[in-house]
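Quick notes on the structure that follows.
Here is the naming used below: chain letters follow the sequence lines, and residue numbers restart at 1 for every chain.
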Amino acid sequence: MTPERNYWAFDLETDLIMPGLLAPPPVCASVSDAKGAKKILADAEILPWVAHELDRSIWIGANIAYDFGVIGAYSPSLVRSIFKAYREGRVFDIQIAQALDAIAKGTLFKDPRTGGGLKDPTTGKSKNRYSLSIVTDLVLGRKDAKANDWARLRYSLFRGVPLAGWTEHARALGCVDPEGVTQYPLDDAGNTMSCALGQRGHENLQEMAAQSYTAWCMHLGSMWGRRTDPVAVANLKTIIEAKHAKAVIDFKASGLLDENGDEDQIVKKRMVATAYGATGICPACVGSGKVISEKSGNPIQCKVCSATGLNIASAPTLKLTDTGGVCADRDALSESGDDLLESYADVSNINKLRNTYLPFLELGTKQPVNVQPNVIVENGRTSYEGLIQLIPRQGGIRECFLPREGWLYCSTDYPALEMTTLAQVCMWIVGWSQLQQAIDAKLDLHSAFAAKLTGKSYDEFYALILAKDKWAKGIRQACKAANFGFPGYMGAARFVASKRAQENLRICISLGQAPKCETCQGVEGIDCKRCYGRGFLCALVKVTEWNNRKTTPTCKHCLELAEDLKKGWFAQWSEMKSYFDFIKKQCASPLGGKLRQFVSNRWRGNLDVMNGANTLFSGLAADLAKYALRLISDEAYTDENSALWETRPLELIHDEVFSEMPEARAHAAAWRQAELCDQALARYCPDVKPKNVEPALMRRWSKDAERVDGPDGKLIPWTPKRKPGEVFMWEPGYTAAA
DNA sequence: CTCGCCGGCGCC
DNA sequence: AAACGGCGCCGGCGAG
């Protein structure tokens, strides 16, 4: 017989969140039952009450992972029961419920009443996140969820004061609405319960158990946090500041940078437009670069010429932005043929590191960085407020992150995860899959495609790859790009442009189809102005239109070869035509398509063919990675007999679970983490059997880390290869090369 | 001053 | 007909 359940909306008032402390001590709790009966619990009452109710109640909250995090921090013995509640699907989060419903309707982080962005009625801010205020507004039509909020950020002032004395205490502190001090928490609990009741008809609620549980696991990772190495960060800062200072010197005379290092975008765009051959006078601003605003009457930048004053239309190969302005991104600069602009192309990277990543790294030298997780975005993936999923792979940035003394980082990432989930999705939609067969045969998927394309057997081609044959590597690289890009319905134009911009990959050169550079006679890596050191010539002819659509100026030869590559890709994975037919059928409606995620049954609405083509396999990958995180976290926090006991799973990085674990037990723990990743995949991809996941242990974060077996067969931490005498950038005593 | 938007760029 | 997707954060600009 099912035990009778209590329904509790639950909310804690705590001291403020501080850097390094996501679980500050609680001051009081407020609870509401389903009938709206509310009460406040003083600090000493909280833990006994929670302990009594935890196993037998349904828990409702707004970001309730935070509240449970506080409970767990001050009463570790309750952590098992918290996990039990999540495992049994007894935790309902109104913020997640709102996101799930919005995903089904295609209105995530939008106000369905206006179509515009969401604005928090309390803070007035817009964020990609649902708060109690926003949910109260959307579900109950009230913007007053956070009335009586004088004490909202001041509850620490009430610690130790008996509840009966709060009103008087608040008055003594100068509060004009002293009764609000006890009303505010009651409102929070009451509003939370009312929202939950109002959400009963919402879509996708079958996902609540999995998503709220995942949010809890992610929150635990964030509570543990990430530390950075003060030495490594200081070294990095020295290097970046030196590069920046040099850039200021190099580019001051041209006006690209001022003495503070701030960029003059107008100068930059004018130089770019000129380099691409723009001449004459802009017809809109008559060369001044300024026009009068219709709205304010003030002189503003001319949009037609991006304030350059030049006639943009006179430069047919000039790359433009989405809104028709002069594009001055790294790709445009490095292709401009202008020495100064080409050398300036690196500055954007320096500034990104200096202005975005360095401040983030510096936070972690003082206390753990706690990024706030967002458990679900449109395609089912996660995000974090904070840069932890976006740390550059190169440049010694990741190496600034360190586990605690006596701990190691452990990474388990799924090889070619989205290829695997795509194969599974095709098994379900089409009924068969060449991709699935190649994965089951444990083939290298890019080599498999490349072999077919070149008329060789797989073994023959793969042998060339193992022998590091340059020709074969080029073909495989193009095929890899195809395998990653085309499943999302990518076209030739975007394919060529994105590979060029992101990976500096020229399709025509990679496929061995480009003519040799006559200036350097095909010698690669030298400072040849004709071919940019590539040895071969790309973009001898550029076109600005492809398949009757305008496109950024692109090498015609690359486009033709990309079309061939796409044809070959359809031939290689012959289920893809049927797969796209299905997506087109489901998502062709101008009103927007709606697809249901396999396994989780999560609906996603308002789809066009492109996001429709992506969402099933990327969502399946996200769902299975989340399941892996839950399996790992459960053992780590609740099972003393597991090798994973006391491991701290820190983050999901889409196809990777990243954790910190005690070094003494790391061998067994890492393999257990990998094993649970395999289990998760098997549940979500029952018809595909890819290679097993392998763990990598590290003393310092690195993209290059991989499994290393010690002499006794036990895992040991991966370390980067060191040349004789080399001191790494993140080590004491590092000096930058001249 | 703050806010939203754009261009740009980091990740998977 | 053809069209990759999903994020967060920065500086600069325009408007109120």
>> What contact category does Leu353(A) fall into here, base, sugar-phosphate, or nothing, at under 4.0 angstrom with non-hydrogen atoms?
In response: nothing
> Can a salt bridge be assigned to the pair Lys319(A) and Asp329(A) using a cut-off of 4.0 Å between side-chain N and carboxylate O?
Replying inline: yes
>> Any base atoms under 4.0 Å from Arg549(A), or only sugar-phosphate, or nothing? Heavy atoms, all strands.
In response: sugar-phosphate
> Any side-chain heavy atom of Glu706(A) sitting closer than 4.5 Å to one from Glu694(A)?
Replying inline: no
>> Both Arg129(A) and Glu294(A) contact DNA chain C. Which one's nearest nucleotide lies toward the 5' end?
In response: Arg129(A)
> Reckon Arg354(A) touches a base, only the sugar-phosphate, or nothing at all at heavy-atom distances under 4.0 Å?
Replying inline: nothing
>> When you measure from the side-chain N and O atoms of Ser126(A) to the phosphate of dG4(B), is any distance below 4.0 Å, counting only OP1 and OP2?
In response: yes
> Nearest of dA15(C), dC12(B), dG6(C) to any side-chain atom of Val377(A)?
Replying inline: dG6(C)
>> Counting the atoms with a prime plus P, OP1 and OP2 as sugar-phosphate, which does Lys303(A) contact under 4.0 Å by heavy atoms, base, sugar-phosphate, or nothing?
In response: nothing
> Does Gly619(A) offer a backbone N or O that forms a donor-acceptor pair with the side chain of Asn379(A) under 3.5 Å?
Replying inline: no
> Looking for any heavy atom pair under 4.0 Å, which part of the strands does Ser618(A) touch: base, sugar-phosphate only, or nothing?
Replying inline: nothing
> Atom CD of Gln265(A) to atom C1' of dC13(C): distance rounded to whole Å?
Replying inline: 9 Å
> So which nucleotide from dC9(C), dC7(C), dC4(C) ends up closest to the side chain of Glu378(A)?
Replying inline: dC7(C)
> In terms of side-chain heavy atoms of Leu108(A), which of dC7(C), dG4(B), dA15(C) is nearest?
Replying inline: dC7(C)
>> Nearest whole Å is fine: how far is dG6(C) C1' from Met490(A) CE?
In response: 13 Å
> Between Asn611(A) (side chain) and Asp608(A) (backbone), is there a donor-acceptor pair under 3.5 Å?
Replying inline: yes
> With a 4.5 Å heavy-atom cut-off, do Val233(A) and Cys400(A) have their side chains touching?
Replying inline: yes
> So is Arg226(A) actually on top of Tyr409(A)'s ring, under 6.0 Å and inside 45° of the axis?
Replying inline: yes
> Looking at the side chain of Ser383(A), which of dC7(C), dG10(B), dG16(C) is the nearest nucleotide?
Replying inline: dC7(C)
>> Quick test of your reading of the model: are Glu418(A) and Arg381(A) salt-bridged, counting only N-O distances below 4.0 Å?
In response: yes
> Does Lys295(A) put a side-chain nitrogen or oxygen below 4.0 Å from OP1 or OP2 of dG14(C)?
Replying inline: no
>> Heavy atoms from C-beta onward define the side chain here; which of dG10(B), dG6(C), dG8(B) lies closest to that of Tyr357(A)?
In response: dG10(B)
> Could you state the CD-C1' distance from Glu563(A) to dC4(C), rounded to the nearest angstrom?
Replying inline: 14 Å
>> I'd like to know if Lys352(A) reaches the base of dC9(B) with its side chain, counting only an N/O donor and acceptor under 3.5 Å.
In response: yes
> Nearest-Å distance, CG (Asn504(A)) to P (dC9(B))?
Replying inline: 13 Å
> Which sits closer to the 5' end of DNA chain C, Pro359(A) or Phe109(A), going by the nucleotide each is nearest to?
Replying inline: Phe109(A)
> Can you check the Glu418(A) CD to dG5(C) P distance for me, whole Å?
Replying inline: 13 Å
> Counting side-chain heavy atoms from CB outward, which of dA15(C), dG8(B), dG6(C) is closest to Asp329(A)?
Replying inline: dG8(B)
> NA contact type, Lys703(A), heavy-atom cut-off 4.0 Å: base, sugar-phosphate, or nothing?
Replying inline: sugar-phosphate
>> Nearest to the Val609(A) side chain among dG4(B), dA3(C), dC11(B), which nucleotide is it?
In response: dA3(C)
> Just checking Asn128(A): base, sugar-phosphate only, or nothing, at a heavy-atom cut-off of under 4.0 Å?
Replying inline: sugar-phosphate
> Can Asp704(A) and Arg398(A) be counted as an ion pair, charged N to O under 4.0 angstrom?
Replying inline: no
>> Once you apply a heavy-atom cut-off of 4.0 Å, does Asp262(A) come out as touching a base, just sugar-phosphate, or nothing?
In response: sugar-phosphate
> What nucleotide, of dA3(C), dC9(C), dG14(C), holds the atom closest to the side chain of Gln301(A)?
Replying inline: dG14(C)
> Which range-with-range stems can be found for DNA chain C when each stem has 3 or more Watson-Crick or G-U pairs in a row and both distances sit under 3.5 Å?
Replying inline: B:1-12 with C:5-16
> Contact class for Phe495(A) (heavy atom, under 4.0 Å): base, sugar-phosphate, or nothing?
Replying inline: nothing
> Taking C-beta and beyond as the side chain, do Trp573(A) and Tyr579(A) meet within less than 4.5 Å on heavy atoms?
Replying inline: no
>> For a quick check of understanding: with a heavy-atom distance under 4.0 Å over all strands, which category does Gly386(A) fall into, base, sugar-phosphate or nothing?
In response: sugar-phosphate
> Does a side-chain N or O from Ser293(A) land closer than 4.0 Å to OP1 or OP2 of dA15(C), or not?
Replying inline: yes
> Nearest of dG8(B), dA15(C), dG5(C) to any side-chain atom of Arg494(A)?
Replying inline: dG5(C)
> dC9(B) P sits how many Å from Gln502(A) CD, rounded?
Replying inline: 11 Å
> Do the side-chain N or O atoms of Asn349(A) get closer than 4.0 angstrom to the phosphate oxygens (OP1, OP2) of dG10(B)?
Replying inline: yes
> Atom CD1 of Ile653(A) to atom P of dG8(C): distance rounded to whole Å?
Replying inline: 15 Å
> Salt bridge or not for Asp331(A) and Arg500(A), using N-O below 4.0 Å?
Replying inline: yes
> Quick one: is Asn614(A) getting a side-chain N or O under 4.0 Å of the dG6(C) phosphate, OP1 or OP2?
Replying inline: no
> Is it the case that more than 12 heavy atoms not belonging to Lys480(A) sit under 6.0 Å from its NZ atom?
Replying inline: no
> From the list dC9(B), dG5(C), dC7(C), which nucleotide is the closest neighbour of the side chain of Ser348(A)?
Replying inline: dC9(B)
>> For dC12(B), does the base pair up with any side-chain atom of Arg381(A) as donor and acceptor (N or O, under 3.5 Å, distance only)?
In response: yes
>> Tell me the interatomic distance from Leu361(A), atom CG, to dC11(B), atom P, rounded to whole angstroms.
In response: 13 Å
> Would you say a side-chain N or O of Asn547(A) is under 4.0 Å from OP1 or OP2 of dA3(C)?
Replying inline: yes
> Ala621(A) near the nucleic acid: base, sugar-phosphate alone, or nothing, with a heavy-atom cut-off under 4.0 Å?
Replying inline: nothing
>> Please tell me if Arg604(A) has a side-chain N or O lying less than 4.0 Å from either OP1 or OP2 of dG6(C).
In response: yes
